[in-house]
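First the proteins, then the strands, lettered A, B, ... as listed; each starts at 1.
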Amino acid sequence: MKFPIWDNIFPKPTEESETVLALKGVPIFQELDNTELKEIERLVHQREYTPGERIFSQGQPGLGMYILQSGKVKIYQEEQGEQIELARLSRGNFFGDMSLLDEAPRSATAEALELSRVIAFFRPDLMDLLDRQPRTGIKVIKGVAGVMAVRLRAQNDVSRELHEQVSALQREIDQLKSQLNNQSS
Amino acid sequence: MDQSSHRVISLDTNLLRNLLKFFLLLVLAYLFVQIFPYVANVLTLILVSVLFSTILSPFVNMMERRNIPRVAGALLVLLTFVLVVAIALRFLIPVIREQALAINDLVQSQRPVELLERFQQWVTEKFPFINAGNFQDFDISGKINAFIGDFVSGSVSFLFNVAGMISSFFIVLVITFLLLKDSRKLNKALISLIPNRYFEPGLTLFYQIQQQLSNYIRGQLTDALIIGILSIIGLWILHIKYFVFIGLLAGLANLIPYIGPVVGAVPAMVISIINNPGRPIILLYIAVMFAIVQMIDNSVVSPMVMSRSVNIHPITVIVIIIIGGNLMGVFGMLIAVPVAGILKVTIQQIMWTIKHYRVR
């Protein structure tokens, strides 16, 4: 015999949902166990975007991150009316995660290339999680910090390589200059 | 088809669409006005439930931080709240009722009129240039008697109306429990209605309004409670009769900025002088007591209770109170400024969102 009121107040645990599986694939949520992931599932929002529909625009205040469950998304910047494509994302990728930490304006625009389903996780929900379940909230923040650290290290490596290339070019230019000076004298 | 005719057709379609939207809005507004009298009671119950859930939500969150499931936490907090309210009412209601009725009898008696006539006599003796005939023409005693009588009767009947809402209290309890347990589900359901184009701005607006309103409501009520308790204690120390009723009035009146403290102090002074006509010094004691309570409010309570003020100009406050009084009497005066504060916060957030998201 079923008791709807009882089932509503004390719901039974169900199998892992698609949302939880998608969350597991994101490095930010890697340290969370199943119970904690179910709590995140209660906080996230599922949205569907048609081709050409913007998910967020460059310059708008950042609100949170998106995880692509299906479809394709284009990330691009607009400068003086020109579009500069930065990336094309597909299933399992995530974007906008920096906005989980601050309200800085979005640095790029995200637009759906085909029918796309996304999971949205926003900063106010993270703050609410920190208030109600601080341990889970801290794990998420740690995850975000980890992703930032990896990106920063990769950026440092790229900067170092570029610096070395620039230094090598500078040395060549100096060599050529001194050769020209010697020839002219 | 050339470009200019294409542009004309496009303009016409947009104009038609906008006209249709406007017409639909008008129809909805008309229907709302027609239906409102029939659903006002239900809306009031829902509003009271939302108010209770806003006040109790931090306590449920506190339970959740201690790993108590939200359902159990909501039940526990709600039961505790009901118990505290029941105990408070069990002891307070008889005292308030007794004092309110006693004040009502006092102001309806001849003592205020006699006192006022003695005051009029004193004025005409000290200041003979004031024509006694003119004084009587104004019928000051009659007017003041009517004002005080209306004020006290209004407060008494308001209290009894509140008490009479016990039958609706159980409905409010059930709705409050569901709101505490499922507030996130309800939020998500509301948010899912926002179209993609306005999703992030709509969400920002929703969260900011929710947070600001929660802080504001909690702040206002906490402040009113603290001021009420301090006033009761102060009046008790001064051995003022009917200190519970007057202290509660002072606490409620504190919801009205600038005017509230005066509204709280005046009944205390009037009732004290009626009871003790030979001790005018009591007025000074009461004024000093309320001044101290206000100092504590401004320097200790208000800074602790964040987001209580929405910075409304004093002239606007007075206008709002008059409008509230005209619409709903004493109750309207009490809730006018908090309601205006809520509307101000909402409009400010809408403007911020439109500006930052360039919503078209």
Q | Options A:Asp128, A:Thr50, A:Asp131, ranked by heavy-atom pairs under 4.5 Å with chain B, top entry | A | A:Asp131

Taking [atom1] in [X] as the centre, count heavy atoms belonging to other residues, nucleotides or ligands within less than 6.0 Å. Is the count above 12?
X: A:Arg151; atom1: CZ; result: yes
X: A:Lys72; atom1: NZ; result: no
X: A:Glu79; atom1: CD; result: no
X: B:Phe206; atom1: CZ; result: yes

**Q.** Side-chain donor/acceptor of B:Lys185 to backbone N/O of A:Arg42, under 3.5 Å
**A.**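 Checked: no pair found.
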
(Q) Any side-chain to backbone donor/acceptor pair from B:Asn196 onto A:Arg47? Under 3.5 Å, distance only. (A) no

(Q) Would you say the ring centers of A:Phe122 and B:Phe199 fall short of 6.0 Å from each other? (A)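 Ring-ring flag for A:Phe122/B:Phe199: true, centres closer than 6.0 Å.
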
Roughly how far apart are [X] [atom1] and [Y] [atom2], rounded to 0.5 Å?
X: A:Asp125; Y: B:Leu203; atom1: CG; atom2: CG; result: 7.0 Å
X: B:Thr204; Y: A:Arg123; atom1: OG1; atom2: CZ; result: 8.0 Å
X: A:Met127; Y: B:Gln211; atom1: CE; atom2: CD; result: 10.5 Å

**Q.** Side chain / backbone / both / neither for A:Arg132 at chain B, heavy atoms under 4.5 Å
**A.** both

Q) Measuring heavy-atom distances to chain B, does A:Pro134 have an atom under 4.5 Å in its side chain, in its backbone, in both, or in neither? A) side chain

Q.
Need one label for B:Arg184: side chain, backbone, both or neither, based on atoms under 4.5 Å from any heavy atom in chain A.
A. side chain

Q: Sort B:Arg70 into side chain, backbone, both or neither according to what part of it lies under 4.5 angstrom from a heavy atom of chain A.
A: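 The side chain, not the backbone.
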
Q) With chain A, which of B:Met62, B:Glu64, B:Gln208 has the greatest number of heavy-atom pairs at distances under 4.5 Å? A) B:Glu64

Q) Taking NZ, NE, NH1 and NH2 as the nitrogens, is one of them in B:Glu200 or A:Arg106 under 4.0 Å from a carboxylate oxygen of the other? A)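 Looking at B:Glu200 and A:Arg106, the cut-off is met.
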
